[in-house]
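No hydrogens, no waters, no symmetry mates; every other heavy atom, side chains included, goes into these values.
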Amino acid sequence: MFGDLRGFDPTRPQGLEWFRQLFDEMLPSGAAADIRSVPSGSYPLINVGRTDDTVRVYVFAPGLAASDLELSLQDSVLTVAGQRPAPADAEGRTRFRQERFHGDFRRAVALPEGLDIDRAEARFSDGVCEIVLPKREELKPRRIEVQAT
C-alpha cells in the first residue's frame with residue numbers, strides 16, 4: 001500500500017490530486033464522514049455549518065423533488081438517501097461521455113453532539129434542501145458576568 005507513495009511528487013500539480021485519490025481509496029465508502037471531509041464523487045453534495053444556535057446542513061440535489069429525498073438522524077449521524085432517475089435517452093443517440101450520476105444514493109454525515117433533533121426542520125427549494133438542527137439550550141454559549149469585588 002505505501003509503496004505507491006514513492007511516486008508522490010508534491011512539486012507537480014497533479015501530485016496532490018494523485019495523493020488525495022490514493023487517500024480516498026483507503027477510506028471505506030458509504031461510512032459516516034466527519035463534517036469536515038468530502039468523499040470524492042459523492043452525491044448529493046453537502047455543506048455543513050454552524051452558528052451559536054444551530055447546525056445547518058445544505059443538500060444540493062438538482063433535478064430532484066422534496067419527495068425524492070429521505071432524511072434520518074440517529075446517534076448524531078444524518079443520513080440522506082434517495083434515487084436519482086436516469087435521463088431519458090433519445091433513440092439512436094450515441095453517448096460518448098456521461099458524468100451525471102443516476103441511481104440510488106446514500107450519504108451519511110457525522111454531526112456534533114448536543115442537537116435538539118425534536119425541533120429539526122427541513123425545507124426544499126430549487127434543488128437545495130436546508131436542514132436546520134437547533135442546539136440544546138445547555139450547549140449554547142453563555143456570557144459570564146464578571147463582578148467587581
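Qualifying salt bridge (charged side-chain N to carboxylate O under 4.0 Å, His left out) partners for Glu70, counting only residues two or more places apart in sequence or in other chains: none. Residues forming a salt bridge (charged side-chain N to carboxylate O under 4.0 Å, His left out) with Arg50 (at least two apart in sequence, or on another chain): none. Residues passing the ring pair (Phe, Tyr, Trp, His ring centres under 6.0 Å) test with Phe105, sequence neighbours excluded: Tyr43. The salt bridge (charged side-chain N to carboxylate O under 4.0 Å, His left out) search around Asp68 returns none, not counting sequence neighbours. Partners of Glu113 under the salt bridge (charged side-chain N to carboxylate O under 4.0 Å, His left out) rule, at least two apart in sequence or in another chain, do not exist in this structure. Partners of Gln74 by side chain to side chain donor-acceptor pair (under 3.5 Å), not counting sequence neighbours: none found.
Nearest heavy-atom pair, Ser76 versus Pro112, reported as atom, atom and distance to 0.1 Å: OG-O, 3.9 Å. Shown here for Thr54 and Pro134, the closest heavy-atom pair between the two residues is CG2-CA, 4.0 Å. Between Arg107 and Leu45, the shortest heavy-atom distance links the atoms NH1-CA, 4.1 Å. Closest of all the heavy-atom pairs between Asp52 and Lys135 is O-CD, 3.5 Å.
Identified under the ring pair (Phe, Tyr, Trp, His ring centres under 6.0 Å) test for residues 110-139, with sequence neighbours left out: none. Residue pairs that meet the salt bridge (charged side-chain N to carboxylate O under 4.0 Å, His left out) test with at least one member in residues 122-131, sequence neighbours left out, are Arg56-Glu130, Glu121-Arg123, Arg123-Glu130.
Between the CZ atom in Phe60 and the CD1 atom in Ile46 there is a gap of 9.5 Å [rounded to 0.5 Å]. Taken from CG in Leu133 to CG in Leu115, the straight-line distance is 5.5 Å, to the nearest 0.5 Å. Between atom CD1 of residue Ile117 and atom CG of residue Asp75 there is a gap of 9.0 Å, rounded to the nearest 0.5 Å.
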Identify all side-chain donor-acceptor contacts of residues 79-88 below 3.5 Å with residues at least two apart in sequence or on another chain.
| from | atom 1 | to | atom 2 | distance (Å) |
| --- | --- | --- | --- | --- |
| Gln83 | NE2 | Asp104 | OD1 | 3.3 |

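Val132 and Val109 are not part of a single hydrophobic cluster, where members link through side-chain heavy atoms under 4.5 Å apart.
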request  = Carefully, step by step, assess Leu73 and Leu111 under the rule side-chain contact (heavy atoms from CB on, under 4.5 Å).
outcome  = CA-CA 9 Å; Leu73 185 61; Leu111 297 172; 3.9 Å; yes
